[in-house]
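In what follows, every heavy atom counts, from backbone to side chain, and hydrogens, waters and symmetry copies are set aside.
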Amino acid sequence: MKRVIAALLTALTCQVASAQADKPLTNEDPGPPPPPPGTPLPYFEGFESSTGGFTVGGSSSSWEWGVPAGDFIDTAAEGSQAWVTNLAGDHHLFESSYLQSPVFDFTQRSRDPWLQFKLLHDFPTTASRAWLELSVNGGPFVKAPPSPGGLYWYTNTTSQWWTGRPNELGQWRTTRFRLNGAAGSTVQVRWVCDTGSSRLGGGLGVDSVTIYDNLLDASVTRVDGPDSGPLLLQESVDVIVRNTGTQNISGFPVTLDISGPVPTQLTQPFLGTLTPAEEQPMLFEVPIDLSVPGVYTLQAEALLDGDEVPGNNFSQSQVTHQETVRQFPYFEGFEDGPSGYIVNGVNPSWEHGEPAGPVISRAAFGARAWVTNLDGGRTRNEFSFLRSPPIDLTEVENDPLLQFSMTRDFGNSDRAWIEVSFNGEAFQELGTSEDPFSLNWYPNSANRWTGSTAPNDWVIARNVMLGAAGNVVTLRWVMDADLEENFDGFGVDNVEIFETPFGIGQKPRPSISVLDINQATEALGYSVEAFQPGPYFVALSGSSDVLHLHVEGEPGQPIVWIAGELDPAAASTPFGQIDLGVDAAVIASGYQPGGFNQFFFTNNEGVMDLTLPIPLTLIGRVLSFQAGVGNTELDIAITNAVQVSFLP
């Protein structure tokens with residue numbers, strides 16, 4: 001009978017606990033348990049050995065205690081364990097849950113203490129957010145407002161909640177708040193996670209909860225070195241120092257430790273005064289040597305005597321000395337290594353090597369390429385860059401062409417594009433699909449690559465690098481990934497920069513104005529049917545060939561056929577681009593009597609095909625041809641140009 005009663009009590013206890021965990025989030029929760037006899041300060045809970053007496057509740061709760069292993073929240077702030085909404089994945093949709101602390105007894109204290117904790121949030125949309133609530137003396141939970149001297153308190157200060165995500169994967173933030181009204185009272189706090197219905201995210205993480213009276217704490221929040229690129233013998237470094245305590249601080253040393261090809265250690269005193277929550281940049285007076293190519297790690301540390309939170313004393317950054325490439329034409333197939341290309345951004349998954357993913361399973365040519373995750377999927381929430389070394393085009397007179405092999409396996413909202421920097425200035429988007437010489441360059445008006453190139457397919461993308469001539473250029477491929485899983489992402493191989501052949505000719509325009517002579521091709525081997533920028537070229541033999549003209553336009557239109565010397569982009573008119581010089585002359589016209597005028601009309605299908613013997617007077621000459629197709633001399637569309645070499 002005792003066993004039956006024990007089993008029944010256990011079942012009832014589980015049902016009650018489950019009901020409490022699933023109830024809606026309200027301010028009518030049962031009162032807190034009796035407080036302990038005074039909470040000693042400082043209080044610290046890092047959740048390494050237990051839950052710390054913290055509990056969860058609300059509706060659709062995903063809170064778990066343990067080792068974080070999600071895509072965005074993938075580590076604890078300190079140690080290995082923390083409280084996170086779903087340790088291995090995303091928060092729930094329509095979640096309105098909370099993580100609730102034990103009751104803290106401050107009844108014997110005359111001064112309001114400080115609450116400090118580590119916070120990390122991943123909310124892709126503004127419909128998902130988090131905030132902190134307080135209950136004083138067992139009263140209702142109310143949202144905690146900002147307080148003077150607070151740290152990282154609400155990213156949305158109007159609505160007073162945290163939303164969005166930090167810029168880097170796993171970037172926990174130190175958050176601090178004065179527990180106003182806590183002196184002489186008992187207090188309980190809870191972190192609320194309120195999510196929307198459309199998009200999932202990593203949610204909320206809480207770690208290293210501290211409560212104290214006063215705190216002596218200096219921290220380094222950032223190390224600002226030079227941007228990656230061709231670096232110098234003397235480069236400047238700024239260290240951002242912050243007072244993360246509650247008392248004024250000054251006169252403490254800051255060290256700068258540089259590892260890499262030229263290791264350096266520097267120490268310099270911070271001579272100013274920092275009030276609580278204040279931060280200041282500190283320029284190191286001695287410049288550092290980054291002139292040898294390679295990757296450098298810059299780590300700064302604040303050494304304040306009596307610092308009570310040593311875990312935030314240091315910060316680091318990386319910078320890469322990329323050697324300038326002085327090769328033109330430029331070609332890189334990545335077979336011998338990463339070739340000076342570097343990776344940065346948020347959640348980057350770019351890797352150099354032999355692709356072995358489910359979809360991207362090979363390089364375009366050879367064995368190696370740059371791919372987002374060589375053997376699997378790109379990272380969710382990725383916004384990353386594959387960055388080339390600086391390429392010296394200062395001696396190049398005309399804007400060159402960029403060509404590379406590309407493969408894509410994208411989710412519904414994934415996209416990619418390419419940017420260029422001139423002489424170390426800000427990056428800007430490179431090219432559109434409407435540019436001359438563009439090939440497979442952005443399939444939509446948003447100027448982004450989307451979709452897929454089909455399983456394991458690599459395609460060639462090409463465009464003119466407008467503004468690149470005479471400059472040092474740096475390229476970067478941008479990968480912007482959504483939350484969907486199981487997509488390989490993006491691949492880049494065989495990057496080429498070479499001279500634009502013969503300037504920029506006009507493209508054939510399907511069904512509007514097309515000229516072909518004996519299956520001419522442009523300088524890169526594309527036929528007229530490919531509708532790439534001209535001019536197009538063909539060589540004919542006077543002894544074995546005939547001259548075959550093929551013109552396309554609208555049905556029943558007269559044609560004007562002109563010839564002259566090739567001069568791409570010689571003139572721009574409302575009717576199209578003229579690629580012949582000023583010596584161009586009319587050879588035949590459907591507008592004029594005589595000659596071949598009766599043949600110089602498009603037929604009912606909008607096509608004219610005419611075959612002629614090669615005149616002996618043209619043997620040994622190089623002559624270029626263009627045509628105009630239209631109903632009137634004021635409404636005519638100009639075709640692409642074709643240059644013909646007449647051989648014996």
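Of the possible polar contacts, none joining the D567 side chain to the G581 backbone as a donor-acceptor pair under 3.5 Å is found. Between the side chain of E351 and the main chain of L374, a donor-acceptor pair closer than 3.5 Å is present. For the pair T320 (side chain) and Q322 (backbone), a donor-acceptor distance under 3.5 Å is absent. No donor-acceptor pair closer than 3.5 Å links the side chain of S384 to the backbone N or O of P348. Formation of a donor-acceptor pair under 3.5 Å by the S433 side chain with backbone atoms of P443 is not found in this model. Put simply, the side chain of D480 never gets that close to the backbone of F383: no donor and acceptor are under 3.5 Å apart. Remark: side-chain polar atoms of W162 are not paired, donor with acceptor, to backbone N or O of F123 under 3.5 angstrom. Looking only at distances, a side-chain donor or acceptor of Q626 sits under 3.5 Å from a matching main-chain atom of D579. Judged purely by atom type and a 3.5 angstrom limit, S421 uses its side chain to pair as donor or acceptor with the backbone of E425. The closest donor-acceptor contact from the side chain of N463 to the backbone of G431 lies at 3.5 Å or more, if one exists at all.
If you take CZ on F422 and CZ on F427, they are separated by 10.5 Å, rounding to the nearest 0.5 Å. One finds the CG atom of N373 at 6.0 Å from the OG atom of S349 (value rounded to the nearest 0.5 Å). If you take CG on N471 and CG on N423, they are separated by 4.5 Å, rounding to the nearest 0.5 Å. Separating the CG atom in N398 from the CD atom in E499 is a distance of 6.5 Å, to the nearest 0.5 Å. The CG atom of L204 sits 11.0 Å away from atom OG of S128, with the distance rounded to the nearest 0.5 Å. One finds the CD1 atom of I614 at 4.5 Å from the CG atom of L540 (value rounded to the nearest 0.5 Å).
Note: F404 and W477 have perpendicular aromatic rings, judged against thresholds of 30 and 60 degrees for the angle between ring planes. Taking the six-membered ring where the residue is Trp, W370 and H352 present tilted rings, their angle falling between 30° and 60°.
With a 4.5 Å cut-off on side-chain heavy atoms, V420 and T474 do not count as touching. F490 places none of its side-chain heavy atoms less than 4.5 Å from the side chain of I360. You'll find the side chain of S291 stays beyond 4.5 Å of the side chain of L232, heavy atoms only. The shortest side-chain heavy-atom distance between F625 and T639 does not fall under the 4.5 Å cut-off. At a threshold of 4.5 Å between non-hydrogen side-chain atoms, the residues F72 and N347 count as touching. Using a 4.5 Å cut-off on side-chain heavy atoms (C-beta onward), Y442 and I418 make contact. For the pair V644/L623, no side-chain contact is recorded, criterion being any heavy-atom separation below 4.5 Å from C-beta on. In this structure the side chain of W441 never reaches within 4.5 angstrom of the side chain of M406, judged on heavy atoms.
Counted within 6.0 Å of CG on D336, heavy atoms from surrounding residues, nucleotides or ligands total 12 or fewer; the atom is thus considered open. Residue-environment remark: CZ (F314) stays at or below the threshold of 12 foreign heavy atoms within 6.0 Å. Taking a 6.0 Å sphere around CD of E335, one finds it holds more than 12 heavy atoms contributed by other residues, nucleotides or ligands. No more than 12 heavy-atom neighbours from other residues, nucleotides or ligands sit within 6.0 angstrom of CZ on F365. Heavy-atom contacts from other residues, nucleotides or ligands closer than 6.0 Å to CD of Q327 number more than 12. No more than 12 heavy atoms of other residues, nucleotides or ligands shown are found within 6.0 angstrom of CD on E565.
Nearest heavy atom pair, residue H121 against residue G164, reads ND1-O, 3.0 Å. Taking every heavy atom of both residues into account, L393 and P400 meet most closely at CD1-CG, 4.0 Å. Among all heavy-atom pairs drawn from V560 and I636, the shortest one is CG2-CD1, 4.2 Å. When all heavy atoms of S315 and T221 are compared, the pair lying nearest together is OG-O, 3.8 Å. Residues P261 and G294 approach most closely at CG-CA, 3.8 Å, considering heavy atoms. Across all their heavy atoms, I288 and V237 have their closest contact at CD1-CG2, 3.3 Å.
Partner of H550 under the side chain to side chain donor-acceptor pair (under 3.5 Å) criterion, chosen from T611, D609, D516, N518: D609. When each of I258, D257, T264 is checked for a side chain to side chain contact (heavy atoms under 4.5 Å, CB included) with L298, only I258 meets the rule. Only one option out of I559, V607, L610 pairs with V551 in a side chain to side chain contact (heavy atoms under 4.5 Å, CB included); it is I559.
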- Task: Could you please spell out the steps behind the ring pair (Phe, Tyr, Trp, His ring centres under 6.0 Å) verdict for W350 and Y341?
- Result: CA-CA 11 Å; W350 289 96; Y341 284 62; 9.8 Å; no
- Query: Can you check side chain to side chain contact (heavy atoms under 4.5 Å, CB included) on N494 and F331, steps first, answer last?
  - Reply: CA-CA 7 Å; N494 296 335; F331 174 79; 3.7 Å; yes
- Given side chain to side chain contact (heavy atoms under 4.5 Å, CB included), test E554 with V629 step by step and report yes or no. CA-CA 8 Å; E554 295 182 11; V629 187; over 6 Å; no
- Task: Evaluate the criterion side chain to side chain contact (heavy atoms under 4.5 Å, CB included) for residue pair F498 and Y330; output intermediate values, then yes/no.
- Result: CA-CA 6 Å; F498 52 93; Y330 171 82; over 6 Å; no
- Message: Assess the residue pair D90 and R380 against the criterion (salt bridge (Lys or Arg N to Asp or Glu O under 4.0 Å)); give the C-alpha distance rounded to whole Å, side-chain angles, the decisive distance to 0.1 Å, and a yes or no.
- Response: CA-CA 11 Å; D90 296 326; R380 297 193 309 161; 2.9 Å; yes
- What do the steps show when you test T394 against V472 for side chain to side chain contact (heavy atoms under 4.5 Å, CB included), and what is the final call? CA-CA 6 Å; T394 54; V472 177; 4.0 Å; yes
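Using modelled atom types, one finds a donor on one side chain and an acceptor on the other under 3.5 Å when comparing T453 with T407.
For E354, the salt bridge (Lys or Arg N to Asp or Glu O under 4.0 Å) partners two or more places apart in sequence, or in a different chain, are R368.
Remark: R378 engages D482 in a salt bridge, criterion side-chain N to carboxylate O under 4.0 Å. Between E419 and R387 there is no salt bridge, since no side-chain N of the basic residue sits under 4.0 Å from a carboxylate O of the acidic one.
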